[in-house]
Every structure is written in C-alpha cells, then in structure tokens.
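Right, one structure below, let's go through it.
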Amino acid sequence: MRLSQFHLATVKEVPADAEIASHQLMLRAGMIRKLASGLYTWSPLGLRVLRKVEAIVREEMDRAGAIELLMPSVQPRELWEETGRWEKFGGQLLKIKDRKEQEFCYGPTHEEVITDFARNELKSYKQLPVNFYQIQTKFRDEIRPRFGVMRAREFLMKDAYSFHLSQESLAATYEAMYQAYTRIFTRLGLGFRAVQADTGAIGGNASHEFQVLADSGEDAIAFSDGSDYAANIEKAEALAPSIQRPAPSAALQLVDTPTQKTIDEVAAFLGVAPQQCVKTLLVRGRDGLVALCVRGDHEINEVKAGKLAELPGESALASEEEILALTGTRPGFLGPVGLPASVPVIVDRSAAVLADFVCGGNRDGSHYTGANWERDARVTRVEDLRKVVEGDPSPDGKGLLRMARGIEVGHVFQLGKKYAEALKASVLDDQGKSQVMSMGCYGIGVSRIVAAAIEQRHDEAGIVWPEAMAPWRVVVCVLNQRNVPEVTEAAETLYRTLCERGIETVLDDRGLRPGAMFADMELIGIPHRVVISERGVAAGSFEYRGRSDSESRTLSAEALLELLA
RNA sequence: CGGGGUAUAGCUCAGUCUGGUAGAGCGUUGCGUUUGGGACGCAAAAGUCGGGGGUUCGAAUCCCUCUGCCCCGACCA
C-alpha cells in the first residue's frame with residue numbers, strides 16, 4: 001500500500017470526549033469516527049486492524065473444529081418469547097417494528113436463533129457434537145456507552161454455540177474452546193489471564209472469562225500469588241477464617257453516636273478498628289427484608305448475595321422508608337441486635353467470628369459496643385457474602401490473593417439445557433429416544449480486543465501494536481523525495497522487494513516533512529520503520545528503527561531483510 | 001432512571017455574566033521559500049452560534065421549551 005493512495009486521517013488534538021488512552025489514540029490515529037453515542041465507523045486504517053483480529057479468531061476456531069455460519073442481526077419477537085427473554089433481557093434489547101407492525105429486536109446475542117437453527121437441523125446423535133460460530137455485529141443498548149469501541153452499543157463479536165448429548169462431550173468442547181482462546185490471545189500478543197467467572201442468571205456448570213490485564217479495565221480480578229488460581233472478584237470465594245470465635249468478654253452497651261453513620265466515622269469516634277465493627281445492610285427478600293452482615297472493612301458481594309435462597313435472585317437495597325417502617329431507624333444505625341424475628345440475619349464468615357463487636361443500635365444516633373452473636377444477636381445462617389480483598393487466603397489453599405484490573409475480551413460458558421429445553425431442541429439418541437441437547441457458548445469481543453490491545457500497549461507517541469495486529473508490519477519512509485530521484489528509486493525498490501517476500505509493507509510516499517511523517521507512523525503504531533534518505537542511499541545502507549527502540553540502526557540490505565523476514 | 005455539565009468554523013476552544021458588525025489556534029485551499037522529529041511567509045475559503053418559541057429597536061448573549069452529546073451514580077456478556 002502506498003500512503004499517497006490511502007486514506008490516512010490522523011489528528012493532533014485529542015477530542016474532548018475521549019477519556020482513556022485507547023479511545024484517544026484510536027480517534028487521533030483516525031481508526032474510528034463516532035457517528036452517534038456508542039456507534040462508530042471503522043476507517044480503512046481501523047478496519048485493517050479489526051480484520052487482523054478477526055482472521056486469527058477465525059483460524060483458531062476452524063482449527064478447533066468449529067464451523068462458521070452467519071445468522072441475521074435482526075430477530076423476531078416470537079423466538080425471544082419462547083425463552084422468556086423478550087421481557088427479561090431488559091432495556092439493553094433494542095426493539096424495532098417493521099412496516100406490518102411486526103416486532104423484532106436487533107440481536108444482542110444469538111442463543112435463540114442458533115437453538116432454533118439446531119432444532120430444525122439436528123435430528124440424530126450422529127450429528128453431535130457440533131460447534132457453530134459466527135463473527136457478527138451485535139447491538140446492546142447499553143445504559144452508558146463509553147470508552148469508544150471498548151463499550152460501544154454496536155460491536156463486533158465472535159460467538160460460538162456447541163451442542164451435545166452428554167456432559168462429557170460438552171466438557172470436552174469447552175476444554176477445546178478454552179485452549180483455542182488461549183492460542184488466540186497468545187497469537188494476538190496480549191497479556192491476558194483466564195479467570196473463573198460467575199455463571200450469572202444463566203446458571204450452568206463452568207465459566208471462564210479471558211481478561212486482558214490493564215489498569216483501566218472495568219473488571220476486578222483476584223489471583224493467587226502461590227498458584228494459578230484466578231477469578232473474577234464476583235466469583236472469588238472468601239474462605240472462612242481459621243480462628244474460632246472468642247467467647248464474649250464485654251457487656252452489651254448502647255452508646256451515643258449522634259452524627260456518626262458510616263463505619264469509618266463510628267470507628268474513629270469510638271476508637272475501635274473498622275475490623276471490629278459489623279456493617280448491616282437490609283435488602284429486599286422474597287418475603288420482606290433480609291439483613292446481611294459483614295465486617296466493617298469488608299464489602300458485600302452482590303453476586304454472592306443474590307444467590308441466597310431468601311433473595312429473589314438479585315440483591316436490591318431496601319429504601320429508607322422500608323427500613324424506617326421495619327426498624328424505626330435510618331440507614332447508618334442499623335445492626336443485628338434486636339431486629340424483628342421475621343428478618344433473617346445472614347452473616348458473613350468473617351463477621352461471624354467477631355466477638356465484642358460494634359454495630360448499629362437500631363435507633364437513630366446510637367450504636368452498640370460489646371455485642372456478641374447468639375448472646376445478643378440472632379444468626380440465621382453464616383454464608384460467604386463479601387468481596388475478597390488483597391491478602392485474603394487463596395480459595396485453593398495455596399498462597400494469598402492479589403488484585404488486578406482486566407478487560408473482558410472472551411467468555412466461555414457451559415450453558416446446559418436451558419435454551420434447548422425452552423426451544424425444544426432435541427435429537428434421537430442411540431436407543432431411538434428423544435433427548436434434549438446440552439449447549440455451550442463461547443464469545444469473543446472482536447472490536448473490544450482492538451481497544452484492549454492499545455490500552456495495554458501504547459506510549460507517549462502513540463500505539464505500539466503487537467505484530468499480529470498492526471495495520472502493516474513495516475513502513476518505508478521516503479525523505480525529501482522530490483529533490484533526489486535516487487532516494488525515491490531506492491524506496492520503491494525496497495518496497496517492491498518487501499512486498500514480493502510477503503512482508504506487509506506500507507510506503508510513506510506522501511512527501512511530508514520527516515517530523516510529521518515519523519510522528520504519524522509512531523501514532524498509528526507500525527512495528528518496523530525503514531527510512532530512505534540521501535545519506536543512506538549514498539552509503540548503500542538502510543536506517544531501521546523498531547517502534548519500541550530508542551535509537552535507529554544502520555543495516556545492510558541483507559541484514560534488513562533477515563530482520564524483517 | 002437520578003444528579004451535574006455542555007452545544008459557537010472540519011477539530012480544540014474563547015466570546016454569554018454586562019444584548020449592539022462572528023473570533024483564535026490547529027486543519028483545509030492557492031502561491032512562494034523550506035525538507036532528519038508535527039516548518040515559515042503571504043493570500044483565501046469556511047459558521048441557520050443545536051432546534052423551536054418568546055422578550056427587545058436589536059439576541060450567540062436574557063426567558064421558556066425540545067433535542068443531542070459528555071461526566072458521576074444505579075445497571076451490565
């Protein structure tokens with residue numbers, strides 16, 4: 001490619017609404033342009049990168065035995081009614097009507113469509129297992145799109161769905177996908193980690209997220225410093241402390257805390273550590289309010305809380321009015337002592353081993369000191385309720401937990417029979433009996449990977465692409481080409497040679513001043529740069545500089561070709 | 001959905017408080033000089049001041065209203 005024939009549109013100024021590095025750099029490099037909130041045009045430059053990612057994903061999916069197909073992006077309401085998700089999916093589902101007032105949605109995911117396809121196509125166990133995938137545009141009407149293509153509303157995703165008669169077969173394909181994903185992210189040159197994930201409302205047996213490690217990531221992940229354990233913080237188990245609860249030694253005493261509502265305020269006021277306090281939250285349960293208690297320095301893990309039998313599948317905090325009606329006090333003074341008998345008291349493992357603790361007095365402006373479980377406060381049950389924190393023991397018993405931030409770029413999931421049952425997708429087994437199929441699903445955020453890579457790999461000058469994702473591997477920069485024909489000839493010759501050898505090369509023949517040209521090529525992150533100048537031509541050598549190198553090197557033609565081969 | 005902000009040239013922004021001829025930098029076009037780290041000079045094009053309504057002799061500026069976009073929160077493969 002000759003840059004004089006390409007549409008390169010870099011800009012110097014950072015657009016005002018870009019916050020994170022990848023968004024800023026993608027706009028400055030001219031890879032994307034915003035059309036509306038969460039909607040982006042991929043420019044020719046951006047598309048080259050997107051296609052690189054897509055190609056690697058496709059190769060590895062094919063290698064792993066998956067079969068590509070393509071489903072519609074627009075899907076009929078009736079199909080979504082069959083699984084109940086027309087209502088349950090919520091506001092993220094973009095609903096549209098056609099001219100006959102028939103209702104459709106723009107597909108946010110394709111479980112319904114693929115399962116419909118499977119129930120029509122798959123009749124016999126002999127056709128199983130099978131794994132279908134597509135690389136396709138999805139739309140989710142995110143409440144708050146942000147960070148450019150990192151969290152866009154329209155985005156490109158690879159989604160695969162496998163079908164099985166046995167759990168063993170599902171587990172085998174799941175493992176194959178896990179391996180394929182590892183290969184994909186390794187080939188892309190990304191620093192990533194596969195972490196255990198919560199299976200959410202979908203249920204299922206196993207789930208891993210593939211997280212690209214980056215400080216700007218929206219997900220928190222916990223990993224062990226003593227083993228390969230790693231999990232999304234939503235999933236990471238907080239082990240029960242190994243100590244026994246000490247016997248009560250203090251008397252229960254109500255003390256005035258007129259304006260101290262938060263744990264920090266109360267702890268400072270009373271001169272105790274937050275670890276010696278119990279924080280109580282009231283949430284809406286199936287039958288009235290439920291009390292959740294954690295240690296003062298810990299936080300409730302809403303995913304864990306949502307799984308409690310007493311809750312309706314999600315944890316929603318009670319309103320101030322509900323709390324006032326039940327306890328006669330306001331948030332800030334809640335505690336487990338003296339709650340009505342109708343309120344279940346679920347206590348976190350770490351809070352359950354406290355003795356002589358501080359907690360809310362259930363009346364405005366007071367807290368208890370010297371409170372003790374059983375003696376003063378009911379314990380309905382002890383559960384794992386809290387978010388893990390740095391330094392917690394690893395759930396596998398090896399090492400301590402550390403925290404990192406990640407960008408979720410892939411997710412593998414054993415779905416089980418949920419969708420196949422809802423849509424009656426079954427095949428005949430070897431006994432001639434009808435069996436509902438089990439499913440797995442496996443997603444990769446293709447467009448998000450581009451942003452995630454930049455987030456992980458950039459410097460002051462711009463993007464630093466991994467070789468596998470770069471729009472071109474090599475740029476040949478022509479200096480002062482108008483005045484010295486020999487320089488142009490030398491550049492053309494090198495450009496042709498590289499192209500003939502299958503090395504993806506771009507020739508910067510725009511005739512810009514050197515500074516502007518170098519700045520552009522560094523901004524768009526080309527891994528290898530060769531400068532052709534009068535000086536070099538006279539000496540018969542080439543000036544080479546890698547994107548991350550601090551200095552240029554002078555190379556002979558042979559050395560250069562060897563380096564780029 | 002709650003709170004906050006913002007909308008002026010292709011981009012980044014002044015101008016709005018205190019009403020009176022529409023501004024700058026970058027980018028773009030032309031000519032010339034330049035050519036190893038985002039050159040310089042001269043000339044030029046470019047704006048329904050987000051939309052609608054109102055007040056006024058006169059509105060980018062004041063009032064009402066609608067909309068887009070951004071941030072924080074709640075939410076989320």
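Below, each value reflects all heavy atoms present in this structure, side chains not excepted, and no hydrogens, waters or symmetry copies. We name chains A, B, ... by the order of the sequence lines, and we start the count at 1 in each one.
- Aromatic ring orientation, A/Trp472 versus A/Phe6: perpendicular (interplanar angle above 60°, classes split at 30° and 60°).
- Considering only side-chain N and O atoms, A/Arg513 lies under 4.0 angstrom from the phosphate OP1 or OP2 of B/A39.
- Using a 4.0 Å heavy-atom distance criterion, A/Met517 is classed as making no nucleic acid contact.
- A/Trp86 places a side-chain heavy atom less than 4.5 Å from the side chain of A/Lys95.
- The side chain of A/Arg144 places an N or O atom within less than 4.0 Å of a non-bridging phosphate oxygen (OP1 or OP2) of B/C72.
- Taking atom C1' in both B/G3 and B/A44, the straight-line distance is 47 Å, to the nearest Å.
- Distance check on atom C1': B/G19 versus B/C72 gives 35 Å, rounded to whole Å.
- Within the structure, every side-chain polar atom (N or O) of A/Lys12 is placed at least 4.0 Å from both OP1 and OP2 of B/G25.
- With B/A77, B/C69, B/C72 as the choices, the nucleotide that has an atom nearest any side-chain atom of A/Ala36 turns out to be B/C69.
- Applying the 3.5 Å distance criterion, the base of B/G38 shares a donor-acceptor pair with the side chain of A/Asp520.
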| task | Start with the C-alpha distance between A/His411 and A/Glu408, add both sets of side-chain angles, then the distance that settles side-chain hydrogen bond (donor to acceptor under 3.5 Å, both in side chains), and finish with yes or no. | result | CA-CA 8 Å; A/His411 201 157; A/Glu408 183 188 354; 3.0 Å; yes
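- Closest to the side chain of A/Arg151, out of B/C76, B/C71, B/A77, is B/C76.
- Using a 4.0 Å heavy-atom cutoff across all strands shown, A/Arg153 reaches no nucleic acid atom at all.
- Sorted by residue number, the members of residues 86-97 of chain A with any non-hydrogen atom under 4.0 Å from RNA chain B read A/Gln92.
- Taking the side chain of A/Arg535 as heavy atoms from C-beta on, and the options B/G38, B/G36, B/G37, the nearest nucleotide is B/G36.
- Salt bridge present: A/Arg2 and A/Glu492 bring a charged side-chain N and a carboxylate O closer than 4.0 Å.
- Only the C1' atoms considered, B/A59 is 24 Å distant from B/C69, to the nearest whole Å.
- Nucleotide B/G41 forms a pair with B/C31, judged by Watson-Crick or G-U wobble geometry with both contacts under 3.5 Å.
- Across B/U61 and B/C17, the matching P atoms stand 9 Å from one another, rounded to whole Å.
- Among B/A77, B/C72, B/G36, the nucleotide with an atom closest to any side-chain atom of A/Ser533 is B/G36.
- Other residues, nucleotides and ligands contribute over 12 non-hydrogen atoms within 6.0 Å of the NZ atom of A/Lys138.
- If you check B/C70, B/G25, B/G36 against the side chain of A/Ser37, the one that comes closest is B/C70.
- In this pair, A/His208 and A/Tyr178 present their aromatic rings perpendicular. The plane angle is above 60°, beyond the 30 to 60° band.
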